[in-house]
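Reviewing the structure listed below.
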Amino acid sequence: RVHGGIVISIFAFTSVFSSPLYGKYLDFLGMKQSYIFGLFLCGFSNVAFSFLNYINGLVFFILSIESRIFQSLGISLYFTASYSAVISECPDNVNLAIGMLEFFVGIGAMIGPPLGGALYETLGFSGTFLVCGLGLIAISVLAIFIVPANRVGPSKSGNLKDAIKLPAVHITVFTSISAVSVMGVLIPTLSLFLRETFYLSPFEIGLMFLAQNITYGFGSFIVGRFCDKKGYTKQVMLGSMIILFIGYQFMGPASWLNISSSLVLTGVCLFITGFGIAGGFIPMAQDLIGECVRGGMPDDISTYSLVSGIFVAAFSLGEFVGSFLGGMLDDYMGFPDALSVIGFFPLVAAIMIVSLLVYRDRTEKI
């Protein structure tokens with residue numbers, strides 16, 4: 001289980017460091033080139049991973065880690081280029097555009113498990129990753145002819161250090177990490193809890209996961225559209241953090257509530273918190289751009305590319321922290337209290353957002 005957790009978490013861990021670098025140098029690499037090469041690298045790594053089934057022992061473990069690292073490098077490059085292209089092409093509708101992307105990510109999350117299970121039952125371990133890898137390679141080749149050229153000129157100003165100096169950027173990034181971490185904590189813990197507590201079948205467990213994925217997908221579109229029309233990105237993130245804090249106290253529920261576990265309560269909390277995750281993550285890009293420009297960085301593609309890298313890194317870090325810390329806490333204190341502890345991350349984020357809003361309100365009046 002420890003080795004498996006390392007192989008799974010190394011993907012997100014690698015993306016945390018690679019995505020900001022991609023965002024910084026995307027202007028030199030070119031969006032189309034990065035998009036295509038990222039897809040190809042991920043596909044090639046999946047093909048290589050499919051052959052590891054014929055290797056055993058320590059060599060299998062080491063090669064699995066290496067393969068996952070290259071998968072992460074590829075998919076991080078692809079996502080950074082994708083988000084940067086969307087932000088640069090839709091500067092007035094960033095939240096809606098990203099919301100649409102995340103809507104389809106949600107659909108992929110819904111289709112992926114049953115499709116992967118069907119492929120695994122039909123083709124086995126090697127065949128599943130081989131088909132997926134070859135499919136990605138085919139898409140990367142097709143993208144050469146379909147994706148329009150969009151090479152960005154060298155940036156004259158604006159870099160990662162400039163963004164890191166801004167306190168509001170840290171608050172926005174921590175808020176988004178908190179939103180994703182509460183989703184990541186369920187990856188290694190929820191299925192075991194549902195099976196041992198409510199004796200659900202694998203299919204029924206999949207439906208429970210589906211509850212949060214559906215609301216995250218549709219919530220991404222709704223949140224994106226609302227933020228583009230009304231603004232209020234920080235207020236939306238604040239409300240979402242409160243939803244997540246409350247939802248994750250009752251999902252178990254936490255032992256301090258003295259409430260018995262209920263399948264209905266768990267399902268309702270999963271359904272509601274999907275909207276909270278969308279509200280905590282989708283406004284991040286537009287909010288970061290606003291904070292960076294407010295801090296003196298240029299309102300151009302150099303900042304957009306940098307924000308795209310931070311955007312992908314925040315998602316990966318949240319996924320890593322949630323799954324890694326959630327698994328440890330689950331072993332130590334059980335599923336309900338593990339969720340309760342992770343649920344305090346959004347509460348801290350909410351306090352940080354309120355503090356920033358109050359500070360700005362007072363300084364602007366002065």
Side-chain angles (χ1 to χ4, degrees), residues 1-2 4-6 8-13 15-16 109 170-198 205 208-213 215-216 219 237-259 261-263 265-282 284 313-354:
R1 295 178 65 177
V2 174
I6 293 174
I8 293 173
S9 61
I10 196 65
F11 183 95
F13 185 77
S15 181
V16 170
H170 290 269
I171 294 175
T172 300
V173 171
F174 180 77
T175 300
S176 296
I177 290 173
S178 300
V180 179
S181 66
V182 298
M183 182 168 57
V185 69
L186 299 178
I187 296 175
T189 60
L190 179 60
S191 60
L192 186 62
F193 171 75
L194 294 174
R195 185 169 65 248
E196 293 181 347
T197 306
F198 304 112
I205 292 174
M208 294 294 288
F209 272 102
L210 198 61
Q212 193 175 74
N213 289 332
T215 50
Y216 172 73
M237 297 172 82
L238 173 61
S240 299
M241 293 301 100
I242 296 174
I243 290 174
L244 290 177
F245 169 69
I246 296 174
Y248 273 72
Q249 301 310 306
F250 283 89
M251 191 180 295
S255 59
W256 63 269
L257 292 172
N258 293 319
I259 301 175
S261 297
S262 165
L263 182 60
L265 180 61
T266 301
V268 170
C269 289
L270 284 169
F271 186 85
I272 294 174
T273 54
F275 287 107
I277 294 169
F281 186 66
I282 298 303
M284 176 185 176
F315 188 94
S316 300
L317 182 58
E319 187 179 26
F320 173 76
V321 170
S323 58
F324 182 77
L325 185 60
M328 292 181 57
L329 291 174
D330 186 29
D331 288 339
Y332 180 72
M333 59 179 60
F335 177 81
D337 287 332
L339 292 193
S340 176
V341 171
I342 297 294
F344 275 90
F345 286 8
L347 179 62
V348 173
I351 294 172
M352 294 170 68
I353 294 172
V354 170

Q: Give, for atom CD1 of Ile205 and atom OG of Ser191, the distance between the pair rounded to the nearest 0.5 Å.
A: 5.5 Å
Q. Under the criterion side chain to side chain contact (heavy atoms under 4.5 Å, CB included), which of Phe335, Phe345, Phe324, Tyr248 is the partner of Val185?
A. Tyr248
Q. Does the side chain to side chain contact (heavy atoms under 4.5 Å, CB included) test come out yes or no for Leu186 and Leu270, once each step is laid out?
A. CA-CA 10 Å; Leu186 299 178; Leu270 284 169; 3.6 Å; yes
**Q.** Interatomic distance, Leu329 atom CG to Thr189 atom OG1 [nearest 0.5 angstrom]
**A.** 10.0 Å
**Q.** Minimum heavy-atom distance Ser15-Ser316, with the two atoms named
**A.** OG-OG, 2.7 Å
Q.
I'd like to know whether the aromatic ring centres of Phe193 and Phe198 sit less than 6.0 Å apart in this structure.
A. yes
Q.
Counting only heavy atoms not in Met333 (residues, nucleotides, ligands), do more than 12 fall under 6.0 Å from its CE?
A. yes
Q | Ile243 to Gly276 - nearest heavy-atom pair and separation | A | CG2-CA, 4.3 Å
Q: Kindly check if the number of other-residue, nucleotide or ligand heavy atoms within 6.0 Å of CZ (Phe13) is above 12?
A: no
Q. With distance as the sole test, does Ser323 use its side chain to make a donor-acceptor pair with the main-chain N or O of Phe320 at under 3.5 Å?
A. yes
Q: For side chain to side chain contact (heavy atoms under 4.5 Å, CB included), just list the numbers for Val348 and Ser178, CA-CA rounded to whole Å, side-chain angles, deciding distance to a tenth of an Å, and then say yes or no.
A: CA-CA 9 Å; Val348 173; Ser178 300; over 6 Å; no
Q: Give the minimum heavy-atom separation between Pro253 and Ser261, together with the two atoms involved.
A: CD-CA, 3.7 Å
Q: Examine distances only and state if a side-chain atom of Gln249 and a backbone atom of Ser340 form a donor-acceptor pair shorter than 3.5 Å.
A: yes
**Q.** Leu339 side, atom CG; Phe344 side, atom CZ - distance, nearest 0.5 Å
**A.** 12.5 Å
(Q) Set out, in order, the CA-CA distance, both residues' side-chain angles and the distance that settles side chain to side chain contact (heavy atoms under 4.5 Å, CB included) for Thr175 and Met352, then state yes or no. (A) CA-CA 9 Å; Thr175 300; Met352 294 170 68; 6.0 Å; no
Q.
Would the distance check show the side chain of Thr172 and the main-chain N or O of Met284 forming a donor-acceptor pair, the cut-off being under 3.5 Å?
A. no
Q | Gap between atom OG1 of Thr266 and atom CZ of Phe250 - 0.5 Å precision | A | 12.0 Å
Q) So how far is it from Ser176 OG to Leu317 CG, rounded to the nearest 0.5 Å? A) 11.0 Å
Q) How far apart are the closest heavy atoms of Gly267 and Ala211, and which atoms are they? A) O-CB, 4.5 Å
Q.
To the nearest 0.5 Å, what is the distance between CG on Leu244 and CD1 on Ile277?
A. 6.0 Å
Q: Let me know which of Ile246, Thr273, Val268 forms a side chain to side chain contact (heavy atoms under 4.5 Å, CB included) with Met251.
A: Thr273
Q) What closest approach, in Å, do Val180 and Gly318 show between heavy atoms, and which atom pair accounts for it? A) CG1-C, 3.8 Å
Q: Give the intermediate values and the outcome of side chain to side chain contact (heavy atoms under 4.5 Å, CB included) for residues Met241 and Phe245.
A: CA-CA 6 Å; Met241 293 301 100; Phe245 169 69; over 6 Å; no
Q.
With a 4.5 Å cut-off on side-chain heavy atoms, are Leu238 and Val354 touching?
A. yes
